[in-house]
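Hydrogens, waters and symmetry mates are skipped; everything else that's a heavy atom, side chains included, is used.
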Amino acid sequence: MTVSDTGLPRGAADEFNQARSDARDDMSAQRVKAARTVAEHAVDAEDRLVLLAMLGLDREPDGVEEPAPVG
């Protein structure tokens, strides 16, 4: 079994990186779905912008920078 620089078995590091990537993709999909729901229920463009801002959907989520892969 190959061991990474962190001392974790290589398979564990790969699984962790995949899980982190999957979680990021899920969060992105949820944000898109929420933004669409807001857009469908907004009265006009200004209402949509205000609602998106209130929910924090008008910008990228905090801490979205790409972390270094484990391993």
Trainee: Pair up each side-chain donor or acceptor in residues 45-52 with any protein partner under 3.5 Å, not counting sequence neighbours, and list the distances.
Mentor:
residue	atom	partner	partner atom	Å
Asp47	OD2	Val43	N	2.8

Trainee: Taking only residues two or more places apart in sequence or in another chain, which ones pass side chain to side chain donor-acceptor pair (under 3.5 Å) with Asp22?
Mentor: Gln18

Trainee: Taking only residues two or more places apart in sequence or in another chain, which ones pass side-chain contact (heavy atoms from CB on, under 4.5 Å) with Ser21?
Mentor: Arg24, Asp25

Trainee: Looking only at heavy atoms, which two atoms of Ala34 and Leu57 are closest? And how far apart?
Mentor: CB-CD1, 3.7 Å

